[in-house]
Amino acid sequence: MSKPDKKKPSAEPEIMEKLVALSKQRGFVFQSSEIYGGLKSCYDYGPLGTELKRNVKAEWWRAMVTTREDIVGIDASIIMHPNVWRASGHLATFSDPMVDCKDCKERGRSDKWPKAEKGAEVEYKVVVDHQSGKKETRKGAVGDLAIVCPNCGSPNLSDIRRFNLMFRTSLGSIDPLETISRRLEGKALSGEELRKVLADAIDETAVYLRPETAQAMFTNFLNVQQAMRMKIPFGIAQQGKSFRNEITVEHFTFRSCEFEQMEMEFFCHPPEFKPEGEKSDMEWFEYWSNARLAWYSNLGIRKEKLRLRPHAADELSHYAKGCNDVEYDYPWGWGELEGIAHRSDYDLKQHEKHSGKKLTYFDPQANKHYHPYVIEPAAGADRAALAFLIDAYTEEPPPPGTNEGRTVLKLHPRLSPIKVAVFPLVKKEGMPESARKIVGEFSKSGIKAVYDEKDAIGRRYRRQDECGTPYCITVDGQTAQDGSVTIRERDSMKQDRIQVADAVKVVQNRLAE
RNA sequence: GCGGGUAUAGCUCAAUGGUAGAGCGCUAGCCUUCCAAGCUAGCUAUGAGGGUUCGAUUCCCUCUACCCGCUCCA
């Protein structure tokens, strides 16, 4: 088991700056609400970014649902019953009283920290120089919370804070503020009493934006299984927005408060009910780990920039039997693209406990009811789109004899926002008309094509290179004579002559490769 | 959350206590027959708020956002 090694000297620290600039210039990603000064961690996808992300999601759906008999999809609501989050455990940490040590920066639950007598003098050691690890002995008095830091023993602590990992809102037309002001009218309450009144009033209508899409696959487990007559092993897949009030956000769109997930819950036999010849839960775990890793490399991410990192035992949740992260070597170091978790039967049992409804699968072969095990590949659509973008970003030096290099996004053609650009070599002799007709043919076939006649032909090629457009078709003098055009491939810059009549078919075939 | 840095045109950068420039880009036109050619004309900017000042993009304060490092990440 390898430990995460997040830190590494960045080989190209400036690549992100260039990519952010290109993203804005070419319309991949903009900062949200930019004219108002921006909003922390929020980004908007522009026209090309939207196409890219849609293509990423479409490829995922194709690989996970369309081409598989054993997986079906759902599209659940973002707001779910609050008890879903009690069952999943998200609401517990949400309301836990958290406290920070001001000396060693340890953070934890105040009700779990060592008790100490209020006002008592204590002695503790603090690391004063992180490089040498030099410590200094200090003294202090225990404060009102009557606890000390479990790490360094310091009584120098922050106030209690409750971290809102989930976005809370209220469902219903009555504003909780109305309820609160009514209940508080004419009352003089202590801080603790006041808090209770507020918490109760808010709780009555409180709902939360989902922090993950996974729970809807568990709550709908039997609905889906019965409606679609699914037999174990089978999976339920979903794509959609999730929301987390992250403590920190970083690295462009890599970690943000609003993000899109692509998750699949694969229900398989627990060991005691596994028939002969069927994959075991651990074999499915390996299968999905490898399948998900391969998905990224098949869509063009360089193999040496991808790895599967097994979680160390102390990183795992208590119920998990394993977790592999698919990681990408971002410009700032290795970071998570996707997590494949072996969740045992924890989630279904939790929901069974909290809802009081049976969530067992009836296995007609074994003639038994049981809770299936679950393997969960959970990917981030925004992270995937970002990784594809970073990996595709290439700066080529000027070829011998010239002085202009080129910037090219070597995206997999199926991920490219624009598939084909069609140019008239010059703006005369009917070439623009022919070119526009070709664009029309592509549009009719559902292939995103654009027309461009501005500037010299070389410049138009370079513009498309920056957008990641894999194919450029040019109408020239020969077109009028024999009905042929050139098709130029983005990465090799090689040109073939093809018939106009075959153009759509040729591109379709190349996209299918 | 802590520390450091940054904020000028669509992008990359310059300059200035007194009319804010360039390159690329973009728009229109001319020219142009295959890999960022040329000519002409045009468009576009000092993150937000406050203070000092006759006058602030420039000095000061606050806020916001972004970047780097630490911290955190159910």
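Quick note on labels: first sequence line is chain A, next is B, and so on, each numbered from 1. What you see is a predicted model; the values in this text were computed from it and never measured.
Across all strands shown, the partner of B/rG69 is B/rC2, judged by Watson-Crick or G-U wobble contacts whose two distances both fall under 3.5 Å. Base pairing of B/rU16 is not made with any nucleotide, judged by Watson-Crick or G-U wobble geometry with both donor-acceptor distances under 3.5 Å. With a cut-off of 3.5 Å on both Watson-Crick or G-U wobble distances, the partner of B/rG38 is given as B/rC30. For B/rG23, the paired nucleotide is B/rC11, the pair qualifying as Watson-Crick or G-U wobble because both relevant distances are below 3.5 Å.
For A/Glu250, counting side-chain heavy atoms from C-beta on, the closest listed nucleotide (B/rA37, B/rU12, B/rU71) is B/rU71. For A/Lys40, the listed nucleotide lying nearest its side chain is B/rA65; candidates were B/rC68, B/rA65, B/rU32. Proximity note for A/Gln495 (side chain, C-beta onward) versus B/rU33, B/rC34, B/rA37: the nearest is B/rC34. Looking at the side chain of A/Met431, the nearest of the listed nucleotides B/rU33, B/rC31, B/rU12 is B/rU33. The nucleotide whose nearest atom lies closest to any side-chain atom of A/Glu429 is, among B/rC35, B/rC68, B/rU33, B/rU33. Picking from B/rC34, B/rU32, B/rA37 the nucleotide with the shortest atom distance to the side chain of A/Lys427 gives B/rU32. With distances taken from any side-chain atom of A/Asp455 to the nucleotides B/rC26, B/rC34, B/rG10, the minimum falls on B/rC26.
Within the 4.0 angstrom heavy-atom criterion, only backbone atoms of the sugar-phosphate kind lie near A/Ser41; the bases stay farther away. In this structure, A/Thr486 reaches the bases: a heavy-atom distance under 4.0 Å links it to at least one base atom across the strands shown. Across all strands shown, A/Tyr36 has no heavy atoms under 4.0 Å from either base or sugar-phosphate atoms. Within 4.0 Å of A/Gln31, counting heavy atoms only, lie sugar-phosphate atoms of the nucleic acid but no base atom.
Scanning residues 463-475 of chain A for heavy-atom distances under 4.0 Å to RNA chain B yields A/Arg463, A/Glu466, A/Thr474.
Distance check on atom C1': B/rG21 versus B/rU64 gives 28 Å, rounded to whole Å. A gap of 26 Å separates the C1' atoms of B/rA48 and B/rC43, to the nearest Å. Using atom C1' as the reference point in both B/rG23 and B/rU8, the two lie 15 Å apart (nearest Å). Taking the P atom of each, B/rU12 and B/rG18 are spaced 27 Å apart, rounded to whole Å. The same atom, P, is picked in B/rG47 and in B/rC54; the two are 25 Å apart, to the nearest Å. Comparing the P positions of B/rC24 and B/rA41 gives a spacing of 15 Å, expressed to the nearest Å. A distance of about 14 Å separates the C1' atoms of B/rA45 and B/rA22, rounded to the whole Å. Here, B/rA20 and B/rG38 have their P atoms 29 Å apart, quoted to the whole Å.
A/Phe243 and A/Phe167 have perpendicular rings, their planes meeting at more than 60° on a 0 to 90° scale where under 30° would count as parallel.
Below the 3.5 angstrom threshold, one finds no donor paired with an acceptor across the side chain of A/Arg488 and the base of B/rC34. If you check distances only, the side chain of A/Arg460 never reaches the base of B/rC35 with a donor-acceptor pair under 3.5 Å.
The CD atom of A/Glu263 sits 9.0 Å away from the CD atom of A/Gln215 when rounded to the nearest 0.5 Å. The line from CZ of A/Arg463 to CG of A/Asp455 is 4.5 Å long, rounded to the nearest 0.5 Å.
For the pair A/Phe252 and A/Ile457, both in contact range of RNA chain B, the more 5′-proximal nearest nucleotide belongs to A/Ile457. Where A/Tyr43 and A/Glu212 each meet RNA chain B at their nearest nucleotide, the meeting point lying more 5' is that of A/Tyr43.
Of all the heavy atoms in A/Thr479 and A/Ser484, the pair that sits closest is OG1-O, 2.8 Å.
The nearest whole Å value for the distance from the CG atom in A/Leu48 to the C1' atom in B/rG10 is 14 Å. Rounded to a whole Å, the OH atom of A/Tyr393 is 12 Å from the C1' atom of B/rC11. Between the P atom of B/rC24 and the CG atom of A/Leu22 lies a distance of 18 Å, rounded to the nearest Å. Spacing between atom CE of A/Met16 and atom P of B/rU12 amounts to 14 Å, rounded to whole angstrom units. A/Arg255 has its CZ atom 12 Å from the C1' atom of B/rU71, to the nearest Å. As rounded to whole Å, 13 Å separates atom P of B/rG47 from atom CD of A/Glu34. In this structure, A/Lys454 places its NZ atom 10 Å from P of B/rC30, rounding to the nearest Å. A/Leu165 has its CG atom 14 Å from the P atom of B/rG1, to the nearest Å.
With respect to the salt-bridge test (charged N to carboxylate O, under 4.0 angstrom), the residues A/Arg406 and A/Asp465 qualify. With respect to the salt-bridge test (charged N to carboxylate O, under 4.0 angstrom), the residues A/Glu395 and A/Lys18 qualify. Ion pairing between A/Glu51 and A/Lys419 fails under the 4.0 Å rule for side-chain N and carboxylate O. Note on A/Arg510 versus A/Asp496: salt bridge recorded, some NZ/NE/NH1/NH2 to OD/OE distance being below 4.0 Å.
Under a cut-off of 6.0 angstrom, the local environment of CZ in A/Arg54 is sparse, with at most 12 non-hydrogen atoms contributed by other residues, nucleotides or ligands.
Listed for the A/Ser416 side chain is a donor-acceptor partner under 3.5 Å among the backbone atoms of A/Gly468.
Taking only side-chain nitrogens and oxygens, A/Lys24 never comes nearer than 4.0 Å to OP1 or OP2 of B/rG10.
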